[in-house]
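All values below were derived from every heavy atom in this structure, side-chain atoms included, with hydrogens, water molecules and symmetry-related copies excluded.
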Number of protein chains: 2
Amino acid sequence: MNSCAFRGQAIFKEAGIMKIAEPTVERLVLYYRLLSQLHNEERRVVSSQEIGEMLGLKASQVRKDLSYFGEIGKRGVGYHVDRLYQHISNILSPNRVWKIALVGVGRLGEALLGHKALRSDKFKLEALFDNDPSKVGQVICGIPCYDSEEMTEIIRRKEIEVLILTVPAGAAQISADRAVAAGTVKGVLTFATTAISVPEDVLVYRVDISVELEKLLFFLKGSVA
Amino acid sequence: MNSCAFRGQAIFKEAGIMKIAEPTVERLVLYYRLLSQLHNEERRVVSSQEIGEMLGLKASQVRKDLSYFGEIGKRGVGYHVDRLYQHISNILSPNRVWKIALVGVGRLGEALLGHKALRSDKFKLEALFDNDPSKVGQVICGIPCYDSEEMTEIIRRKEIEVLILTVPAGAAQISADRAVAAGTVKGVLTFATTAISVPEDVLVYRVDISVELEKLLFFLKGSVA
DNA sequence: AATCCCCCGTGATTATTATAACAAATGATT
DNA sequence: AATCATTTGTTATAATAATCACGGGGGATT
Ligand SMILES: NC(=O)c1ccc[n+]([C@@H]2O[C@H](COP(=O)([O-])OP(=O)(O)OC[C@H]3O[C@@H](n4cnc5c(N)ncnc54)[C@H](O)[C@@H]3O)[C@@H](O)[C@H]2O)c1
Ligand SMILES: NC(=O)c1ccc[n+]([C@@H]2O[C@H](COP(=O)([O-])OP(=O)(O)OC[C@H]3O[C@@H](n4cnc5c(N)ncnc54)[C@H](O)[C@@H]3O)[C@@H](O)[C@H]2O)c1
């Protein structure tokens, strides 16, 4: 089963190629988490209605998302928890273990290092980079920290494919440039509060905490008298 | 100028009520940051084309977003940097200084505390909450940390309106419940990797780092051979 | 086995968001 | 002043995403 980035409702394509919309992938991860929980609770079946209530989604949305991958539920009954869990797990599982690196071992970088989000069997964190002499050369959370000046060379040598950027805004572009120059980087997850420009074939995802807070406050302004 | 949360393209309403789509608000924050930078560089004018190039957006998107708030640009010329900066600042500025609290002073909570995202004149961080005895009673980054058992009472007394949730997933719902019980909370920004359920009139924004990483990996799988 | 209520899968519809296209305005140039 | 190259504001259109609505299994119950 192949898949690729796509803006639009998920559709089956003749050639066996499946294109899944980003909002659907996001919800698949939520379904996966929920199923994991239900699995642990030894729950046997669950309906789209129930999934929707637990995640704050419409039942029809849940059914549509799940139906993109074949008829996995049972009419009149619901979805078999373990089967659906395994199914979504297959969909989300990568076809390889990605090699990743984190640039900027500051407050946020260290928080990430300590968190389970970076302990996944989908990737292996192979290197850290920083320009702070007190960090370079250290082994932090079991991962060696290198000088960011050597980034291009080390990323190329280690064949790092994914970059997590937790450097200050001013260092984001130069860090991205150094990493991309290695030629191995396929994707970047950036937390910097600035836009970065990379070659077209590098996929960038941005997590912008300040923006989310601003949006919350903006819409609060309108909803409250 | 009033505004409220709304799913759909921004429209002027007769009554002077303006409804702005969330994607537009998100980009407004990006425009604001960029304008701040251009302002510091003493740039005088900028075109929608240039803004778009710097932020990775189409010029037509930029013009559309900016036009919701009246004719602020000058045809044949572009947008006057300082004027647009001030204008967006007005749009984004709250009609009050929000009182906020942060629950869960762990790795992520502390990273946020140290970051400028929580040093804004749009809100005042009034309280921290944790259930770790080594944190309760301390003053962390200048903010007092209270026992999470006392949350309802303290939030009510301090009239906290916005909550930042950085507790483990298992503590997210109980924390939200305790806070909401105070009756003063209007909005929540949660980083927990779980859904929380709150009354309809409480606005929830979620930042889910693991989900973003999962999405990146999923779409990498499809884009790479 | 007939009846009933349940609940999935899916095509149709609606809602939302992005892009394109162009008239109108602006300042520069001749 | 007329012409021209620009660049906005805005309407029209396209693209994307969510929801509805219903056909059709599925199993329990009588
Ligand atoms: N901390 C937060 O809660 C938070 C919230 C929102 C956004 N962010 C964003 O995340 C990023 C990191 O924030 P932070 O709070 O961890 O900052 P920080 O200052 O604590 O850490 C930044 C790290 O990057 C390193 N660094 C600086 N320049 C570098 C370079 N050229 N190459 C390699 N490393 C370099 C520094 O030595 C430091 O270790 C920033 O862009 C920030 O805007 C952070
Ligand atoms: N650290 C990260 O980079 C990261 C990444 C993605 C998601 N998250 C999410 O953010 C949240 C916090 O993560 P973290 O890494 O900071 O965890 P952490 O364990 O470092 O911190 C959690 C804090 O919450 C406190 N706490 C626990 N139960 C509490 C309760 N009932 N009331 C009040 N406080 C309580 C703990 O004492 C601790 O100080 C989690 O939901 C996590 O999934 C964190």
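By the 30° and 60° cut-offs, the orientation of the rings of F219(A) relative to Y205(B) is parallel.
Among the protein residues, I72(A) comes within range of the sugar-phosphate backbone only, with heavy atoms under 4.0 Å from sugar or phosphate atoms but none that close to a base.
Atom NE2 in H80(B) sits about 15 Å away from atom P in dT26(C), given to the nearest Å. Atom-to-atom, CD1 of I20(B) to P of dT17(C) comes out at 12 Å; the value is rounded to the nearest Å.
Residues V167(B) and T190(B) form no side-chain contact, since every pair of their non-hydrogen atoms from C-beta on lies 4.5 Å or further apart. You'll find the side chain of K221(B) stays beyond 4.5 Å of the side chain of L217(B), heavy atoms only.
Map Y79(B) and G76(B) each onto its nearest nucleotide of DNA chain D; the residue landing nearer the 5' end is G76(B).
Shown here for Y31(A) and I88(A), the closest heavy-atom pair between the two residues is CB-CD1, 3.6 Å.
Proximity of R75(B) to the phosphate of dG27(C): no side-chain N or O atom is located under 4.0 Å from OP1 or OP2. For K74(B) and dG27(C), the shortest distance from a side-chain N or O to OP1 or OP2 is below 4.0 Å.
The pair R206(A)-E26(B) meets the salt-bridge criterion, since a charged nitrogen lies less than 4.0 angstrom from a carboxylate oxygen.
In this model, a side-chain donor or acceptor of K64(A) finds a partner on the base of dT19(D) within 3.5 Å.
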key: Test salt bridge (charged side-chain N to carboxylate O under 4.0 Å, His left out) applied to K99(B) and E161(B), step by step   = CA-CA 6 Å; K99(B) 296 185 185 179; E161(B) 296 163 301; over 6 Å; no
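Interface residues of residues 47-63 of chain A facing DNA chain C, ordered by number: S47(A), S48(A), R63(A); criterion, heavy-atom separation under 4.0 Å.
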